Amino acid sequence: MNTLSRRGFLAASATAIAAAHLPRLAFAQSVAPLALSAATRTLDIDGRAASVYGLAGPGGQGLTLNPGQRFRVDLTNNLDVGTIIHWHGQIPPNEQDGVPDMPLPLLAPGETRSYDYETRPGTHWMHSHVPTQEMQLLAAPLIVRSPEDLASDRQEVVLFLHDFSFKPPEEVLAEISGGHGGGHGAGHGAGSGAPSAPMGGMGAMPGMNHGGMGGMAMGNMPMGGMMGMGGMAMDLNDYDWDAYLANDRTLSDPEVVQVERGGRIRLRVINASAATVFWIDTGAAQSRLVAVDGHAVQPLSGTRFGLAMGQRLDLEIDLPKEGGAWPVLALREGARERTGLILATPGAEIGRIDAVAETEAPAFDIDLAQESRLIAVQALPDRPVDRRHMLMLGGSMQPYVWTINGATWGQHQPVTARSGERVVLSFHNMSMMGHPMHLHGHAFQVVGLNGRPVAGALRDTVHVPPMSMVDVALDAGEAARWMLHCHHMPHLASGMMTEFAVTASA
């Protein structure tokens, strides 16, 4: 496989060719501030040139920091529009968090802004907090290594996932909100684009036991069977993207990562897509899930694990002692499209992989079976709960409006707490679409699934399936306004955002 031959038309220079790849992350060792640039770049996507955004560090797209290294970065906006970057998974001072006008404005074209804060180890990422810019791939990995990472005899591989359209993001959002985005809704049949039933009638479902859904074995149910819930179809995807990218590439020309026979791989998977949930399938290479959202969990063995938008998975893979090639595929939930990369020993024969599978992947974690198996290695300390909030997640495909507690951003009522309080947030999804809920400035622990107490994973982004409830516990941090929103970009663009308003302790 010649990874350069299909890119020669983009430009004659090696620099332009290299821009079509996701380069090795910079292993930063200098105590001086690192330079990070928001800039335009060009990709080859299935033989077609695509102009996208990116975040270029010293070694290419993204940053990798040493154990204990502070996040000392000078961010320059080299775009022709204003932008701002959120450090997803990190907990900087609020003014460095990267939300427009909360409190700092967008960086103007040509402006540089400095950041300096203590890092949290793990697999994280960084992205624009302007939804249309994230849809244009203004995002990159942000890896903070731990001492164990340096001491371990294993190879690190990053799998950075995107969905992509050649159309401008504003046009994509208009198609989705107008009901013309295509997508695969459960029970509709692949590609039918049929809209689901509106959620306006959800209030007329007396007696539905939302706390009992954990016993419904729906995770492997065929898509045609997901028509329950009062006869309304579950919506898995609301747009058919032009391409699904793994490290900026499709399966027509995937990245091939050279590995050693019998070697151990730590695969850091980041779902940076705008609106696509993926299953990660390691196929013949048995894997262990060892961390989610940058936090260690008790290891789980398997070959298929899922993650929603904004979430991360760390998988350990022990390769066979014989040589060969091992595809790692990202399967679009409820659909046949897929992307991925290939782990291969030197000289291994690498076959072509079709970007469309023979069968649809199932819906992700409808019964919360995966989430229920995750147990934090270092849980939050036990203490009494000081404050509880219920957050009702609602919305519909027609009209395309998504809400938290019945309101969109601007009409929202802040979720309040005092600094230092133990707070439990209950996300109750009353819509027929899943919502990956992300809280800025905090890590939380999953402590309840459909009314059942659990000692779950530490996270910053939790997937709440349709007609389900997930409880998370956290200790309120810096007194400030912190964003709390759905990480499905069209949902966020339609206003599915509120704020976690923390005031100083008494």
Side-chain angles (χ1 to χ4, degrees), residues 13-16 18-19 21-41 53-100 103-130 133-134 137-152 155-158 160 247-248 266 268 270 272 294 312 440-441 460 477-478 480:
S13 71
T15 300
H21 297 265
L22 188 83
R24 295 287 181 183
L25 301 178
F27 187 66
Q29 299 188 21
S30 172
V31 296
L34 299 174
L36 186 67
S37 171
T40 300
R41 57 201 178 108
Y53 293 156
L55 283 167
Q61 294 296 303
L63 292 172
T64 293
L65 304 183
N66 285 329
Q69 182 178 357
R70 290 184 66 84
F71 188 87
R72 296 192 65 204
V73 169
D74 289 339
L75 171 66
T76 300
N77 179 12
N78 287 323
L79 304 172
D80 58 4
V81 295
T83 192
I84 197 164
I85 304 302
H86 170 58
W87 321 105
H88 191 126
Q90 296 296 309
I91 305 182
N94 179 260
E95 70 172 7
Q96 299 184 43
D97 186 50
V99 176
L104 297 181
L106 298 176
L107 277 81
E111 183 181 357
T112 297
R113 185 172 294 168
S114 297
Y115 299 83
D116 188 349
Y117 61 84
E118 184 178 350
T119 54
R120 299 169 68 89
T123 300
H124 307 297
W125 63 302
M126 46 193 174
H127 61 84
S128 172
H129 218 279
V130 179
Q133 294 179 359
E134 187 179 330
L137 279 56
L138 187 48
L142 173 55
I143 310 300
V144 182
R145 287 178 171 150
S146 67
E148 178 196 3
D149 292 328
L150 294 189
S152 296
Q155 180 179 351
E156 291 197 359
V157 178
V158 172
F160 197 69
N247 295 354
D248 288 342
R266 188 176 185 109
R268 300 180 182 268
I270 302 167
R312 289 86 71 206
H440 290 215
D460 54 59
E478 179 189 347

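Quick caveat: nothing in here was measured; it's all calculated off a predicted structure.
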Which pair of heavy atoms, one from [X] and one from [Y], lies closest together, and at what distance?
X	Y	answer
Leu138	Gly54	CD1-O, 3.3 Å
Arg312	Gly89	NH2-CA, 3.7 Å
Gly57	Leu63	CA-CD2, 4.1 Å
Val158	Asn247	O-ND2, 2.8 Å
Asp74	Ser114	OD1-OG, 2.7 Å
Trp87	Pro92	CD1-CG, 4.3 Å

What distance do [X] atom [atom1] and [Y] atom [atom2] have between them, rounded to the nearest 0.5 Å?
X	Y	atom1	atom2	result
Ile91	Gln96	CD1	CD	13.5 Å
Gln90	Asp460	CD	CG	9.5 Å
Glu148	Arg266	CD	CZ	6.5 Å
Ile270	Leu142	CD1	CG	8.0 Å
Glu134	Thr83	CD	OG1	10.5 Å
Leu75	Leu55	CG	CG	7.0 Å

Applied to residues 78-91, the salt bridge (charged side-chain N to carboxylate O under 4.0 Å, His left out) test, sequence neighbours excluded, yields none
Write out all pairs satisfying salt bridge (charged side-chain N to carboxylate O under 4.0 Å, His left out) with one or both partners inside residues 107-118, taking only residues at least two apart or from two chains.
Arg70-Asp116, Arg72-Asp116, Glu111-Arg113
Could you tell me which residues satisfy salt bridge (Lys or Arg N to Asp or Glu O under 4.0 Å) with Asp97, sequence neighbours excluded, listed by chain and number?
none
Going by heavy atoms in the side chains, are [X] and [Y] under 4.5 Å from each other?
X	Y	result
Asp248	Leu137	yes
Ile143	Asp149	no
Glu156	Thr64	no
Leu106	Val130	yes
Phe71	Val144	no
Pro109	Val81	no

Are a donor atom and an acceptor atom from the side chains of Thr123 and Arg268 found within less than 3.5 Å of each other?
yes
For side chain to side chain contact (heavy atoms under 4.5 Å, CB included), just list the numbers for Met126 and Leu36, CA-CA rounded to whole Å, side-chain angles, deciding distance to a tenth of an Å, and then say yes or no.
CA-CA 11 Å; Met126 46 193 174; Leu36 186 67; 3.8 Å; yes
As a test of understanding, state which of Thr112, Asn77, Asn78, Thr76 forms a side-chain hydrogen bond (donor to acceptor under 3.5 Å, both in side chains) with Ser37.
Asn78
